*Asks:* 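Below is one structure. I have some questions about it.
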2 protein chains.
Amino acid sequence: MSSQLQSNSHHKVRESLRERIESSEWKLGELIPTEVDLAKEYGCARTTINRALQALADEGILIRKRKGGTRVCPIPIRQAKLSIPILREQVEAIGSEYSHQLVGRKIAAPSQSIRQNLKIDDGDSAFYAETIHFADHRPFAYEERWVNLKTVPEIENETDFDLLSINEWLIKTVPFSSGEVSFSAHKATERTAKALQTDIGAALFLVDRTTWMNGKFITTMKLYYREGYRLSTTI
Amino acid sequence: MSSQLQSNSHHKVRESLRERIESSEWKLGELIPTEVDLAKEYGCARTTINRALQALADEGILIRKRKGGTRVCPIPIRQAKLSIPILREQVEAIGSEYSHQLVGRKIAAPSQSIRQNLKIDDGDSAFYAETIHFADHRPFAYEERWVNLKTVPEIENETDFDLLSINEWLIKTVPFSSGEVSFSAHKATERTAKALQTDIGAALFLVDRTTWMNGKFITTMKLYYREGYRLSTTI
DNA sequence: TAGTGGTCTAGACCACTCA
DNA sequence: GAGTGGTCTAGACCACTAT
């Protein structure tokens, strides 16, 4: 124990190990040395090696098993971590002015697929709203949203969605919900094309999202982005 | 110290804290107790609390600063972790039979935007290939790929892309590269529609990906998925 | 059953940054 | 300057599982 590693050692160890993996010092599926051995090699505590290895396992680069040891992942699956910001942030991040407009709002009985998403019964009604989001007063995204009145009844009395969009209001109200998202491509229909001021048949990027908290379903929405929108990240 | 927490304590502490955050015990942007205080409250070592808090900070739920303390993230940004599997796995995961067909292959000088992606000079040539990926013999995705011959020269002599698609071959050859991905929607052109046996103008899901290793650019590709494809994850 | 990773602890020192 | 999180260590015991 000794010498060259003093601070941030587990980061350094992790990067060192990453390089050794990337350089194919250990091949796909191959066993790498045990924690104890690596600790000796790097001259640090086993805990430090453990943290580094766990981080790499989290990234999907290593597979670890008690008694089985640690292996380089035989099927490297790329993990992309993508953050889904609020639309306002997204628009303001590109230096544009954000605004939005509520174009429809009602209490109604949703279709069966929506009822399934929100786990509500046949005949139950829910809150529905359509919002157009603008960047510099040009349509940017179009949102269709259903909100479960059983979990968020107070939305019925919320009249002022001028300052805060429904999404922002929900985030303040039920901040840390979990959810499911899916991305797909969608041909603009008459309705979506009109809302986004684009052509029928345009290829829109569609984000479909359902949100719940403590097992109670809160909201489900479809968000159609204008042509040209890209969702980017690194892997 | 004592009593009820023995195993996996940092997981349990993490989930307990997560619930307290989700239930708004601490509001958005609010300071939560220090590690020392939480350690007292939970009756465990500070290290254990530290691991739990770091994990929540990694998820973007907490923001931590030395001396500043730990706060609930004031702007909850959803973090989706999505894994991008190899096409073969993707197809086989839904119980279909995977196959692929190389429909074009050449060494040529790419367009300027591709040259930029691969950081190669004007006039330099690169390896190009088009592949159609099938699920149960029906077109599933269409791939246009450029490979940098300066970093992966051996691909020029690789003749057999029947068993292994180019993607799989690259993963075996340069397993743990990093990269940039973007997702968007794209109207099918004559070329892409023909490859995917669909209609011109169909809304295709497009994955654009550029990959490098140790600062050397390896490959850039566009992958067009058939209509109906969805990329899903949880947040 | 033995070997590996998973976790906890108590204490220590450091790095940052707020007031 | 003082309070907070970031990290390291050495040792311990436990949980899992390959052999």
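Predicted model, so just to flag it, every value in this text is computed and none were measured. Proteins get letters first, then strands, A, B, ... in listed order; numbering begins at 1 in each.
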*Asks:* Could you identify which residues of residues 14-38 of chain A place a heavy atom less than 4.0 Å from some atom of DNA chain C, listed by residue number, or say none?
*Replies:* A:Thr34, A:Glu35
*Asks:* Using only side-chain N and O atoms of B:Ser9, determine if any of them is under 4.0 Å from OP1 or OP2 of C:dC8.
*Replies:*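 True: B:Ser9 side-chain N/O within range (under 4.0 Å) of C:dC8 OP1/OP2.
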*Asks:* Write down the distance between OH (B:Tyr42) and C1' (C:dC8), rounded to a whole number of angstrom.
*Replies:* 17 Å
*Asks:* Taking both distances under 3.5 Å as the test for a Watson-Crick or G-U pair, what stems of at least three pairs does DNA chain D have?
*Replies:* C:1-18 with D:1-18
*Asks:* With B:Arg88, which residues qualify under salt bridge (charged side-chain N to carboxylate O under 4.0 Å, His left out), at least two apart?
*Replies:* B:Glu92, B:Glu168
*Asks:* Among B:Gln101, B:His100, B:Glu143, exactly one meets side-chain hydrogen bond (donor to acceptor under 3.5 Å, both in side chains) together with B:His133. Which residue is that?
*Replies:*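 Passing option: B:Glu143.
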*Asks:* I want to know whether B:Phe140 and B:Tyr225 have ring centres closer than 6.0 Å.
*Replies:* yes
*Asks:* Looking only at side-chain N and O atoms, does B:Ser96 offer a donor or acceptor that is under 3.5 Å from a partner on B:Asp136?
*Replies:*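 Result is yes, a qualifying pair exists.
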*Asks:* Does a donor on one side chain sit under 3.5 Å from an acceptor on the other, for B:Ser16 and B:Tyr42?
*Replies:* yes
*Asks:* Is a donor on one side and an acceptor on the other found under 3.5 Å between the side chain of A:Thr233 and the backbone of A:Lys81?
*Replies:* yes
*Asks:* Is there a donor-acceptor contact under 3.5 Å linking the side chains of A:Asp58 and A:Gln54?
*Replies:* no
*Asks:* A:Glu35: which residues meet the salt bridge (charged side-chain N to carboxylate O under 4.0 Å, His left out) condition with it, sequence neighbours left out?
*Replies:*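 Counting only residues at least two positions away or on another chain, A:Glu35 forms a salt bridge (charged side-chain N to carboxylate O under 4.0 Å, His left out) with A:Arg46, A:Arg64.
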*Asks:* Can you tell me the distance, in whole Å, between the NZ atom of A:Lys40 and the P atom of D:dT9?
*Replies:* 15 Å
*Asks:* Which residues within residues 45-70 of chain B lie with some heavy atom under 4.0 Å of an atom in DNA chain C?
*Replies:* B:Ala45, B:Arg46, B:Thr47, B:Thr48, B:Lys65, B:Arg66, B:Lys67
*Asks:* ring-ring contact (aromatic ring centres under 6.0 Å, His included) with B:Phe205: which of B:Tyr229, B:Tyr224, B:Tyr142?
*Replies:*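 The ring-ring contact (aromatic ring centres under 6.0 Å, His included) with B:Phe205 is passed solely by B:Tyr229 among B:Tyr229, B:Tyr224, B:Tyr142.
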*Asks:* Residues two or more places apart in sequence or in another chain: which of them pass side-chain hydrogen bond (donor to acceptor under 3.5 Å, both in side chains) with B:Trp169?
*Replies:* B:Glu158
